[in-house]
A.B. asks: 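Below are the C-alpha cells for one structure; questions will follow.
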Amino acid sequence: QVQLVESGGGLVQAGGSLRLSCAASGRTFSTYVVGWFRQATGKEREFVAAISRSGGRTNYADSVKGRFTISKDTAKNTVFLQMNSLKPEDTAVYSCAADPSSNIQTTASRYIYWGQGTQVTVSS
C-alpha cells in the first residue's frame with residue numbers, strides 16, 4: 001500500500017508556472033505508474049499526465065503537451081508536475097494517483113491509490 005500527499009498548488013496569473021509534488025510513503029514509487037488527474041468545478045475528472053515505473057516513459061493529455069512536464073525523483077520517492085504557460089482553463093483540483101500495473105493508463109478507474117488533491121487557480 002502507498003500513501004500519497006500532493007503539494008504545490010496555489011493561485012497564479014495566466015502565463016505563470018507552478019510545480020506540483022506528489023510524495024509517497026509506504027512503498028517506493030518504482031513499483032507504480034504514477035498519474036496526475038484534474039477536476040474542475042462542475043466537470044468530470046480528466047487525465048493530465050503519467051509516468052512509468054522506471055520514469056523512462058511519459059504520457060500527456062493533448063491539452064497540456066508542451067506546457068506540462070512530469071518527472072520522478074526516485075531518491076525522494078516523489079513525482080513532480082511542472083506546469084508552465086498556465087491558462088485559466090487549467091484551473092482545477094489536481095490529484096496524483098498510483099497504479100501497480102506495468103503499463104501507463106489514462107483512465108482514472110485503473111488507479112488504486114489517490115492523494116487528497118491540491119487546488120490550482122489560474123487568473124486571467
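We number each residue from 1, following the sequence as shown. When reading the values below, keep in mind they use all heavy atoms of this one structure, side chains included, and skip hydrogens, waters and symmetry mates.
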A.B. asks: So do the side chains of Pro100 and Ile112 get within less than 4.5 Å of each other, counting heavy atoms only?
C.D. replies: yes

A.B. asks: Show the nearest heavy-atom pair for residues Ser17 and Ser85, with the distance to one decimal.
C.D. replies: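 Minimum heavy-atom contact is OG-N, 4.3 Å.
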
A.B. asks: Please report the C-alpha distance between Tyr113 and Gln1 in whole Å, then the side-chain angles of each, then the deciding distance to 0.1 Å, and finally whether the side-chain contact (heavy atoms from CB on, under 4.5 Å) criterion is met.
C.D. replies: CA-CA 8 Å; Tyr113 304 107; Gln1 192 170 3; 3.5 Å; yes

A.B. asks: Looking at Ala40 and Ala92, what are the two nearest heavy atoms and their distance?
C.D. replies: N-CB, 3.7 Å

A.B. asks: Just verifying a value: how many Å separate Cys22 SG and Glu6 CD, rounded to the nearest 0.5 Å?
C.D. replies: 5.5 Å

A.B. asks: Is the shortest heavy-atom distance from the side chain of Leu4 to the side chain of Phe29 under 4.5 Å?
C.D. replies: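 Counting from C-beta outward, Leu4 and Phe29 do come under 4.5 Å.
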
A.B. asks: Would a single hydrophobic cluster contain both Phe68 and Val34, if residues Ile, Leu, Val, Met, Phe, Trp and Tyr are joined by side-chain heavy-atom contacts under 4.5 Å?
C.D. replies: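 Yes, one cluster joins them.
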
A.B. asks: Under 3.5 Å, is there a donor-acceptor pair linking the side chains of Asp73 and Thr78?
C.D. replies: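 Absent: no donor and acceptor within the cut-off.
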
A.B. asks: Can you tell me how far the NZ atom of Lys72 sits from the OG atom of Ser54, to the nearest 0.5 Å?
C.D. replies: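 The distance works out to 7.0 Å.
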
A.B. asks: Taking the side chain as C-beta and beyond, is there a heavy-atom pair between Val48 and Tyr60 under 4.5 Å?
C.D. replies: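 No. Closest side-chain heavy atoms not under 4.5 Å.
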
A.B. asks: Please answer: with hydrophobic residues joined when any side-chain heavy atoms are less than 4.5 Å apart, are Tyr94 and Val2 in the same cluster?
C.D. replies: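 Same cluster: Tyr94 reaches Val2 through Ile, Leu, Val, Met, Phe, Trp or Tyr contacts under 4.5 Å.
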
A.B. asks: List the steps, then state whether side-chain contact (heavy atoms from CB on, under 4.5 Å) holds for Thr91 with Gln119.
C.D. replies: CA-CA 8 Å; Thr91 295; Gln119 176 70 46; 4.0 Å; yes

A.B. asks: Is there a donor-acceptor pair closer than 3.5 Å between any side-chain N or O of Ser52 and the backbone N or O of Gly55?
C.D. replies: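 Yes, Ser52 side chain to Gly55 backbone: donor-acceptor pair under 3.5 Å.
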
A.B. asks: Between CG of Asp99 and OG1 of Thr31, what distance do you get to the nearest 0.5 Å?
C.D. replies: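 Asp99 CG to Thr31 OG1: 10.5 Å, rounded to 0.5 Å.
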
A.B. asks: Quick one: do Leu18 and Ile70 end up in the same hydrophobic cluster if we chain Ile, Leu, Val, Met, Phe, Trp and Tyr together by side-chain heavy atoms under 4.5 Å apart?
C.D. replies: yes

A.B. asks: Distance check, rounded to the nearest 0.5 Å: Gln105 atom CD versus Arg110 atom CZ?
C.D. replies: 4.0 Å

A.B. asks: Parallel, tilted or perpendicular: which fits the ring planes of Tyr111 and Phe37, with parallel below 30° and perpendicular above 60°?
C.D. replies: perpendicular

A.B. asks: In this structure, are over 12 heavy atoms from other groups packed under 6.0 Å from Gln116 atom CD?
C.D. replies: yes

A.B. asks: Checking Val33 against Ile51 for the side-chain contact (heavy atoms from CB on, under 4.5 Å) test, could you report, in this order, the C-alpha distance in whole Å, the side-chain angles of both residues, the deciding distance, and whether it holds?
C.D. replies: CA-CA 6 Å; Val33 168; Ile51 191 165; over 6 Å; no

A.B. asks: Trp36 versus Ser95: any side-chain heavy-atom pair under 4.5 Å?
C.D. replies: no

A.B. asks: Could you check whether any side-chain heavy atom of Thr118 comes within less than 4.5 Å of a side-chain heavy atom of Val93, counting everything from C-beta outward?
C.D. replies: no

A.B. asks: Under the criterion side-chain hydrogen bond (donor to acceptor under 3.5 Å, both in side chains), I'd like the reasoning laid out for Ser30 against Thr28: C-alpha separation, chi angles, the key distance, then a yes or no.
C.D. replies: CA-CA 5 Å; Ser30 63; Thr28 177; 3.3 Å; yes

A.B. asks: Would you confirm whether Asn77, through its side chain, and Ala24, through its main-chain N or O, come within 3.5 Å as a donor-acceptor pair?
C.D. replies: yes

A.B. asks: Counting only heavy atoms not in Arg67 (residues, nucleotides, ligands), do more than 12 fall under 6.0 Å from its CZ?
C.D. replies: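 Count over threshold, so yes.
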
A.B. asks: Could you tell me if the side chain of Arg53 sits less than 4.5 Å from the side chain of Ser101, heavy atoms only?
C.D. replies: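 Sidechains of Arg53 and Ser101: no contact.
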
A.B. asks: Can you hop from Val12 to Leu81 via hydrophobic side chains spaced under 4.5 Å?
C.D. replies: yes

A.B. asks: Under 6.0 Å from the ring centre and within 45 degrees of the ring axis: does the NZ or CZ of Arg19 meet both conditions for the six-membered ring of Phe80?
C.D. replies: yes

A.B. asks: Any non-hydrogen side-chain atom of Glu46 less than 4.5 Å from a side-chain atom of Glu44?
C.D. replies: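 A side-chain contact is absent here, since even the closest heavy-atom pair is not under 4.5 Å.
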
A.B. asks: Looking only at side chains, do Gln82 and Asn84 share a donor and an acceptor under 3.5 Å apart?
C.D. replies: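 Distance-only check passes for Gln82 and Asn84.
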
A.B. asks: I want to check something: taking the side chain as every heavy atom from C-beta on, are Arg57 and Ile104 in contact at a cut-off of under 4.5 Å?
C.D. replies: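 Counting from C-beta outward, Arg57 and Ile104 do come under 4.5 Å.
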
A.B. asks: Does a salt bridge link Lys87 with Asp90, judged by any charged N lying under 4.0 Å from a carboxylate O?
C.D. replies: no

